[in-house]
Amino acid sequence: MSQEKQTIAIVGGGLAGVSCALYLAEQENIQIDLYIKESLSESSSFLAQGGIACVISEKDSVQSHIEDTLAAGRDFCNKEAVTFLASNAKQAIDQLVDWQVQFDKNTTGKLILAKEGGHSFKRVLHSGGDASGKMIIQPLLQLAAQNPKIHFHSHSSVYSLYLEKGVVRGLYCQQEGSPIEREYNQVILATGGAGNVYPYTSNPAVSCGDGLIISYLAGAKLSNLEFFQFHPTCLNLEGHRSFLISETVRGAGAILRNSQGEAFMEKYEPKQKDLAPRDIVSQAIHKEQQANQSIFLDVSTIEKNKFTRMFPTIAAYCKTNKIDITQPLPIAPAAHYMVGGIACDLQGRTHVPGLYVCGEAACNGIHGANRLASNSLLEAVVFSKQTALACIKDKENTPSLWQEKPLLQAAKSLPETPILPLAEIQSLMWENVGIIRNQTNLENLLQSFGTITFEEKPTVTSFQNNIILLLAKLITQMAYNRKESRGTHFREDYPNTDINPSWSVTSWQDEV
């Protein structure tokens, strides 16, 4: 008698989702359906310029990587998760090489290591210079496309989970304009971040927090949403989406300057200066802007041909937009990375039986209150493997996390019609829950958002608008509740850091 085939849905086609699919495909008698909201090139992983952190140099150590991650996270990380991440980095790199990823090497064949903000040593590997995300994920996508156990579903927006007595049994999606319901043994959310909660973001248009809200409406817990990382250096061009200028550019010697030409980072962080962690740099830029200063990245310290060779993606974008890279580049911070996310254990299990999460959408405490540069691609590869292994193990044994009574028996849904225009939501978030926050603005914004009530049936109409609205309100509420400043969350009315902080957690309510 043949064993019943295990069917697993993965929602998201970035590095975490594709890596998880490849790990799962190593198992026998399994089928993996990979749902992609738009096309395969529409993911933060594909756009990533920064590389992947891993201890390679003999001068470096895993302990140093751990300490740098904990320091960047502002004493708010899950140390067990951080230790596991750094300790398994080399294994993840070896796996990527087995999957045909080619990391940049020098003329003698040694791996080129770069230094980024918050790192004590050069430990960041790149592939194709500043096209690392694309060059890392493309070989994986090719392998997945050739694997008969993996089936791609492009242009498929998953908008709800199908629950039976509180256990995930499938999903609802809009595929090529038609609503479809499909049953699965397990569902893995690898939906990435939520940069489009804000008007200025380095994220692609698909990064709207779908996975977070889908899981929330199914009874999952969300954690630490107030911690949203703003990348300090995105090109500031009127009429253009924010275009990331990789942290590696500063690692190569570029300097932040204000309108007067002052290298201002020295007065905010005298030791690390331009290579301070991202929260410090973004807050420093914001303060300069409040003093009516325009901000520029001076790349004249990097010879032009060297810059073009090291950063071909940035150089090509500048050339297309007629920007002279021998002159200071106009920059400004933009929403970049959701530090919090769906609460889960180190194997990616959420609080909803049958539902898992990996990648940026997950929150297991690796990043604390601020992510260390180039730890995100590493997280995607390291923890997607743990999620895959858990899916196989949990088919036969129910983990202790799922032995409690589920919060919801069936998933809830958002209203079918838009509550607020998207541009208005984004503008309100930038003005009130941006880099600097205070109680008055947060209180007023919560009132402006009003009350959101839920429906019992799966809905898709205007789903994107309302998903961003609900997530925006949850972020605002957590930012209001955290009366301290830590990492990416800065309250000008509470500038100090608590001695004994606690994680923020929220789960479904009748109305928000």
Side-chain angles (χ1 to χ4, degrees), residues 70-78 117-118 193-195 197-201 209 212 222-232 264-265 267-269 272 276-291 293 295 332-341 343 363 365 367-372 425-449 468-506 512:
L70 294 173
R74 304 290 178 247
D75 299 318
F76 205 64
C77 301
N78 175 350
V197 168
Y198 294 95
Y200 311 110
T201 178
L212 279 72
L222 305 182
S223 187
N224 299 340
L225 301 184
E226 68 271 36
F227 298 109
F228 210 114
Q229 187 177 82
F230 296 87
H231 198 290
F264 59 87
M265 277 308 301
K267 65 185 179 187
Y268 295 101
E269 180 50 63
Q272 295 175 302
R278 291 172 182 175
D279 56 337
I280 293 173
V281 180
S282 290
Q283 289 162 22
I285 290 173
H286 182 82
K287 289 173 184 176
E288 292 291 311
Q289 290 173 325
Q290 293 296 99
Q293 295 287 335
I295 307 300
H336 182 60
Y337 191 87
M338 171 65 79
V339 179
C363 181
H367 308 301
N370 175 57
R371 176 173 68 80
L372 181 66
I425 300 168
Q426 293 172 324
S427 177
L428 287 168
M429 285 296 289
W430 188 259
E431 293 166 8
N432 300 287
V433 202
I435 297 170
I436 307 292
R437 304 157 179 184
N438 63 59
Q439 181 161 324
T440 300
N441 286 356
L442 294 169
E443 281 181 342
N444 291 340
L445 183 55
L446 287 171
Q447 292 177 4
S448 297
F449 283 155
I468 288 177
L469 173 62
L470 175 53
L471 182 56
K473 189 164 187 183
L474 293 172
I475 292 170
T476 305
Q477 187 64 62
M478 287 191 178
Y480 174 80
N481 292 343
R482 184 167 295 283
K483 292 175 170 56
E484 65 157 347
S485 290
R486 184 181 298 273
T488 59
H489 172 72
F490 186 83
R491 287 279 299 260
E492 59 187 356
D493 49 344
Y494 291 96
N496 297 323
T497 300
D498 284 353
I499 297 174
N500 297 307
S502 59
W503 281 22
S504 304
V505 179
T506 189
V512 175

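Hydrogens, waters and symmetry mates play no part in the numbers below; they use all other heavy atoms, side chains included. These numbers were taken from a predicted model, which means no experiment stands behind them.
- Phe490 CZ to Asp279 CG: the interatomic distance, rounded to the nearest 0.5 Å, is 11.0 Å.
- Atom CD of Gln289 sits about 9.5 Å away from atom OG of Ser282, to the nearest 0.5 Å.
- For Tyr198, the ring pair (Phe, Tyr, Trp, His ring centres under 6.0 Å) partners are Phe228, Phe230, not counting sequence neighbours.
- The two atoms that bring Cys363 and Trp503 nearest to each other are SG-CZ3, 4.4 Å, heavy atoms only.
- The pair Glu431-Arg437 fails the salt-bridge criterion, with no side-chain N (NZ, NE, NH1 or NH2) lying under 4.0 Å from an Asp/Glu carboxylate O.
- A donor-acceptor pair under 3.5 Å is formed between the side chain of Thr201 and the backbone N or O of Ala335.
- Put simply, the side chain of Thr476 never gets that close to the backbone of Leu442: no donor and acceptor are under 3.5 Å apart.
- To the nearest 0.5 angstrom, Arg278 atom CZ is 8.0 Å from Leu372 atom CG.
- With contacts defined as side-chain heavy-atom distances shorter than 4.5 Å, the pair Phe264/Ile285 qualifies.
- Note that the CZ atom of Phe227 and the CD1 atom of Ile475 stand 12.5 Å from one another [nearest 0.5 Å].
- Heavy atoms only, all atoms of each residue included: Val505 and Ser223 are closest at CG2-OG, 4.0 Å.
- In this structure, the side chain of Asn438 engages the main chain of Asn441 through a donor-acceptor pair within 3.5 Å.
- Looking at every heavy atom in both residues, Pro277 comes nearest to Asn370 through CB-ND2, 3.7 Å.
- Gln477 and Asn481 share a side-chain donor-acceptor pair at under 3.5 Å.
- Under the side chain to side chain donor-acceptor pair (under 3.5 Å) criterion, Ser448 pairs with no residue at all, not counting sequence neighbours.
- Heavy-atom minimum distance, Ile468 versus Val197: CG2-CA, 4.0 Å.
- Among pairs with a residue in residues 482-491, those fulfilling salt bridge (charged side-chain N to carboxylate O under 4.0 Å, His left out) read Glu226-Arg482, Arg482-Glu484, Glu484-Arg486, Arg491-Asp493, at least two apart in sequence or across chains.
- Pairing each heavy atom of Val339 with each of Ala369, the nearest pair is CG1-C, 4.2 Å.
- A side-chain hydrogen bond (donor to acceptor under 3.5 Å, both in side chains) with Tyr268 is found for exactly one of Glu288, Lys287, Gln283, namely Glu288.
- Of the possible polar contacts, one joining the Gln229 side chain to the Arg371 backbone as a donor-acceptor pair under 3.5 Å is found.
- Put simply, OG1 on Thr506 and CG on Leu225 are 8.0 Å apart, with the number rounded to the nearest 0.5 Å.
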